[in-house]
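Taking it in order: structure first as structure tokens, then the write-up.
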Amino acid sequence: MDYKTVLQEKQHHSQRLNPKRFAKISERIDRCDIPVEAWIPLLENAMLQTWKGIILNKSVTEIGVYPMLIHELQPKTIIELGAFNGGSAIWLADHLELFGIKGRVYSMDIDLSLLDEGAKQDSRVHFLQGDSNDLAATFPGQMLWDLPHPWLLIEDSHVNLVGILEYFHQNGFQSGDYLIVEDTSQSMWDYWRKHWDDAAEVEEGARKLKDLRDWLKNHEDDYLIDTYYQDMYGYNGSKNWNSILKRV
């Protein structure tokens, strides 16, 4: 079987699984094909995974999906809320460079003291100290309206989700831009309830999926779930359930 035939068969298989690529939240349910047991070693070993020697806190399925999305979208602006140690931002900047995309990465966190020294020295990433509860202070409206499109916005801060969604919806988000809300898997939060000391943060994180669903119900004609990426590894086969979204 030659390469062209293999590619055509894969495309037909994808179309059979997802005949409608973009779906409304009302057309989706909150479940995952990947069994809970499979997530245990993935979550337990997350901090052992590195990129250029810096911890890369992305699941293996996200590592597969993000590069494909970036290559298709060709984002001119990537905004990441939740920098942690900077590993993810460097990884994103490397993919822009790898694909020859002239874009910029803006990564915000409330505490930039956690940044790895290697991340601090990377001039391709603009690390910004700011609070997701007060986005206007770090990303004022005029700044956002001036940033080139398309955008890839990644929410990974686990606070004020509805406020974040509404702020960017009102300030610059345009048709064709993508939004990924990280860590909406209920299986993941069920695991972290038993292994994370900060109970308040866990409970707020566990509400993300409900908060996202409730918000999307009021914006069903504005944001659609891209099932091609969402279900690449099975239905909601990642840490991000029903949260790979395209602005239409």
Side-chain angles (χ1 to χ4, degrees), residues 22-26 62 66 69-70 72-84 86 88-93 95-96 101-112 115 123-184 201 204-205 207-226 229-230 240-248:
F22 296 98
K24 296 182 177 182
I25 189 63
S26 60
E62 293 167 275
Y66 266 85
L69 173 56
I70 290 171
E72 179 184 8
L73 180 61
Q74 299 281 302
K76 299 298 187 297
T77 299
I78 297 179
I79 299 174
E80 177 186 56
L81 303 179
F84 184 42
S88 175
I90 301 305
W91 181 70
L92 292 167
H95 280 84
L96 291 180
I101 303 169
K102 293 182 178 179
R104 289 190 174 185
V105 178
Y106 299 85
S107 185
M108 187 194 83
D109 203 285
I110 197 168
D111 183 6
L112 292 184
L115 286 180
S123 60
R124 301 170 305 167
V125 179
H126 301 266
F127 287 107
L128 306 171
Q129 187 152 320
D131 188 345
S132 289
N133 290 298
D134 183 17
L135 287 169
T138 307
F139 292 104
Q142 188 57 56
M143 172 189 174
L144 291 177
W145 285 106
D146 290 341
L147 293 178
H149 294 262
W151 291 2
L152 172 58
L153 172 62
I154 302 164
E155 188 287 316
D156 198 16
S157 60
H158 302 166
V159 296
N160 190 32
L161 177 60
V162 172
I164 290 169
L165 296 173
E166 196 61 35
Y167 184 78
F168 283 100
H169 176 69
Q170 298 292 340
N171 290 276
F173 226 65
Q174 295 182 5
S175 176
D177 293 342
Y178 267 75
L179 162 68
I180 299 179
V181 180
E182 293 272 5
D183 299 334
T184 50
E201 185 172 355
E204 183 163 9
R207 291 197 302 269
K208 290 183 75 173
L209 183 59
K210 181 182 183 304
D211 289 345
L212 175 62
R213 178 174 282 278
D214 289 344
W215 188 81
L216 286 175
K217 286 178 181 177
N218 295 319
H219 297 276
E220 279 212 318
D221 294 326
D222 299 320
Y223 295 88
L224 297 178
I225 296 159
D226 188 338
Y229 295 116
Q230 188 69 67
N240 310 326
W241 292 8
N242 293 326
S243 55
I244 300 178
L245 306 163
K246 183 177 183 179
R247 177 73 160 92
V248 294

Of the non-hydrogen atoms in [X] and [Y], which two are nearest, and what is the gap between them?
X: Ser132; Y: Met108; result: OG-CE, 3.5 Å
X: Ile79; Y: Leu144; result: CD1-CD2, 4.0 Å
X: Glu80; Y: Ala89; result: OE1-CB, 3.5 Å
X: Trp145; Y: Gly172; result: CZ2-N, 3.4 Å
X: Ile70; Y: His95; result: CD1-CB, 4.2 Å

Listed by chain and number, what are the salt bridge (charged side-chain N to carboxylate O under 4.0 Å, His left out) partners of [X], not counting sequence neighbours?
X: Glu155; value: Lys208
X: Asp222; value: Arg247
X: Asp146; value: none
X: Asp226; value: Arg21

My understanding is that only residues two or more places apart in sequence, or in another chain, count here; which of them pass side chain to side chain donor-acceptor pair (under 3.5 Å) with [X]?
X: Asp134; value: none
X: Thr184; value: Ser243
X: Tyr66; value: Glu182
X: Asp109; value: none

- Task: May I ask you to check whether over 12 heavy atoms, not counting those of Arg213, lie within 6.0 Å of atom CZ?
- Result: yes
With sequence neighbours excluded, residues passing side chain to side chain contact (heavy atoms under 4.5 Å, CB included) with [X]:
X: Lys24; value: Ser26, Glu27, Glu220, Asp221, Leu224
X: Glu166; value: His169, Gln170, Trp215, His219
X: Arg207; value: Glu203, Glu204, Asp211
X: Pro140; value: Met143

- Geometric class of the His149/Trp151 ring pair [parallel <30°, tilted 30-60°, perpendicular >60°]: parallel
